[in-house]
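These notes concern the structure reproduced below.
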Amino acid sequence: MAVGETVQLAPRDPDPDASYRWRVQSAPVGSRLELGDEPVLDFTPDAAGKYVVELDAPDGAHELTLRVFQGDKVPVGGGTGSSGMSGSSGFQSGSAAPPNRSGGVSGSGSTGGSDGGGGGGRPRVQLHGSVEGDHLVVNADPQPNPESDTDREDLVVEFLVDDRDDVDESDVEISGWELRVPLSAVGDRLRVHAVALADSYSVPDSVEFTRDAMSDGGERASARTSSELASDGGSDSVESEAGRAKPDGGSEVESVSAPDEDAVTVSRPNDPPEWAKEVTLYEIYVRGFASDDDEAETTFEALEKRLDYLAELGVDCLWLTPVLQNDHAPHGYNIVDFYEIAADLGSREDYEAFVEAAHDRGMKVLFDLVLNHSARDHPFFRDAYENPDSEYYGWYDWQENGEPETYFDWEFIANFDYTTLEVRRHLLDAVDRWFEIADGFRCDMAWAVPDTFWQEVRDRVKSRDPEFLLLDETIPYVADFHNGMFDMHFDTTLYFTMRQVGRGHEPAEAVLDAVDQRAEVGFPPHAAFMLYVENHDETRYIVECGDDAAMAAAGALFTLPGVPMLYGGQELGQRGRRDALAWDHAREDIREHYERLIDVRNETPALGYDGAFRRIDYDADTEKAVAFAREGPEETYVCALNFGEEAATVTVDGLSVDSTDVVTGEDVAAADGLRVESVAVLRVE
């Protein structure tokens, strides 16, 4: 963080009945910072340097290290910040800011353009670990902001060795962009973090080395979880909030033999889980998706009967809108009980049966996690409303007029107060309960929950399952949310741009600008994005933009870099946002279009997570068409999209392509170029 920024400090896994007290143990020269007596408080440093703060807790003293840069290093929009404060975050419901237009969000890297700090833009960094002889080595790959005139050679990389791993500072050798530590100086684990520095600081990245010593019996001893390791020394680090990865986990991992015959696993904990990189996501609006089934005893049974259809379509990850007990609103986001399945949907056993059936078909299931607020019908809120003596009064944020804080004038919810330990305990226990029967969390209104709480949630779930996915809904997106919080992000900028292109307000080439903006606002190269053009909050794309643009938008989801997501009925030509799906009126042409696109992406590595994206020289006879390249390990493809009503003619300069479209199998060669109806994917010869 930087001087002038604020981060919320709180005890992890708190006991609401216990006493906690923070103090500054050490601070930079010139700091006069003192901390209050509250167990949860805001830390706002007043000088650059390294702070160590100490928390007195029932189980002893815990230390937290914070590296603070000068105030002029603050990225545009602020750094990690203290999100989750009512009224300080968010842009608007169901939309996103266009490229280079800032929304009022906490955190950095939201759609605020690239002008960070002194104007050069926020740099990026990616770390890679290896074992070289008897040393553990971390090499940094820093990159200047794409809009910056800073030379890469002028970037500075600052490393931070995780203070939980008890490595003597004298054993750490740093030379430029490389850090080396003798293997003999490392115990079971070494975690190294780093930022790139230019006009502002980058989103941190991390590398982790885990060593499993040989036991007398000749088998590898099991590595301890991150929570076990943290409890050993009672310390923590702001820049080391990611859970550890296992050799078959989702992070980039490599197992190597060290000279002393110990096995060392090298992992990158900020990479998304491996399974999540190549899936096709599908959002199910639970009270509308299968409401036509009059024979099913429960909603979950009706949903389960549709799984074969989804499997045939090619879907392999499901996001269900909230399934917890809620108020009258059918969308389910106004929760009245964070521990019980909604009675109108079925029981917990019914939900578990649905998840098991999805797993049997090779599908993952995401649980919609709503942590910012409760419904006003929640019994705790009803007890607290206009009753300051209620034991739950401190659970909520209140306005001066006695009404609860909320966002966007939503009248049926009330925001939680995360400075209250009882709130944190209640919600952490809910996380534990639903983690057991999910493969990931889709985190609702992630920007409205304190960053450090998400870091705790991440460590909590990743220590038990490194493959667990954390997907944030943050509008606009926030680059710092990739620092030990979330694996994947809603690409809100691309969503907004696709709407603008579909309505004819922007040329098709704007979708390339939207992809480029990820780097411009500071997302690291390994960040993953969920691509979407509609969800339960949005007017259907086909209604707003028309059939032709909708077919091109479908092509964009499966050819641009990211993980595609469909909203239930999108592939059927559904026109109602939250209506019961009109299965009997499904448009076969649209469904077949999506089936082909899913197949092509699954069969073409260049279109996947690891495929490179680059602009190419092209000409088109309409600004509604655009072309770009995707590059894989063995093949390169040119992808062309046409959002217009008439077929477009596209020519590609400097590349020779096979004119057979791999989506349709048809030859799209024309006398004056390539004929593109909606989408074409062509192999470069």
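- Relative ring orientation between His489 and Phe486 is described as perpendicular, the plane-to-plane angle rising above 60° on a 0-90° scale split at 30° and 60°.
- Between Met565 and Leu471, the closest side-chain pair of non-hydrogen atoms is not below 4.5 Å.
- Between His536 and Tyr285, the angle of the ring planes stays under 30°, which puts this pair in the parallel group of the 30/60° scheme.
- Donor-acceptor pairing under 3.5 Å is lacking for the side chains of Glu534 and Tyr532.
- Checking Tyr333 against Asp368 by side-chain atom types alone, a donor-acceptor pair falls below 3.5 Å.
- At a threshold of 4.5 Å between non-hydrogen side-chain atoms, the residues Leu607 and Phe613 do not count as touching.
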Evaluation steps, salt bridge (charged side-chain N to carboxylate O under 4.0 Å, His left out), between Arg268 and Asp271:
CA-CA 6 Å; Arg268 294 179 26 80; Asp271 283 358; 2.7 Å; yes
One pair to check against ring-ring contact (aromatic ring centres under 6.0 Å, His included): Phe468 and Phe441. What are the steps and the verdict?
CA-CA 8 Å; Phe468 199 83; Phe441 290 141; 4.8 Å; yes
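- The side-chain tip of Arg442 does not point at the ring of Phe367 from less than 6.0 angstrom away and within 45° of straight on.
- Interatomic distance, CZ of Phe643 versus CE of Met498, reported as 5.0 Å (0.5 Å rounding).
- No donor-acceptor contact under 3.5 angstrom links the side chains of Gln570 and Tyr282, judged on distance only.
- Between Arg615 and Asp513 there is a salt bridge, since a side-chain N of the basic residue sits under 4.0 Å from a carboxylate O of the acidic one.
- Aromatic pair Phe490/Phe529: centroids not less than 6.0 angstrom apart.
- A donor-acceptor contact closer than 3.5 angstrom is absent between the side chains of Asp205 and His482.
- Ion pairing between Asp547 and Arg587 holds under the 4.0 Å rule for side-chain N and carboxylate O.
- Between Tyr495 and Asn535 the shortest side-chain heavy-atom distance does not fall below 4.5 Å.
- Between the side chains of Asp439 and His359, at least one donor-acceptor pair of N or O atoms lies under 3.5 Å.
- The residues Asp610 and Arg630 are annotated as not salt-bridged, no charged nitrogen and carboxylate oxygen being separated by less than 4.0 angstrom.
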Could you walk me through whether Lys305 and Asp293 pass the salt bridge (charged side-chain N to carboxylate O under 4.0 Å, His left out) test, one step at a time?
CA-CA 9 Å; Lys305 290 163 68 174; Asp293 190 335; 2.8 Å; yes
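- Ser678 and Asn642 form no side-chain donor-acceptor contact under 3.5 Å, judged by distance and modelled atom types alone.
- No side-chain heavy atom of Pro123 sits under 4.5 Å from any side-chain heavy atom of Pro144.
- Glu595 and His593 share no side-chain donor-acceptor pair at under 3.5 Å.
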Test ring-ring contact (aromatic ring centres under 6.0 Å, His included) on Trp447 and Tyr477 and set out the steps.
CA-CA 9 Å; Trp447 48 267; Tyr477 53 29; over 10 Å; no
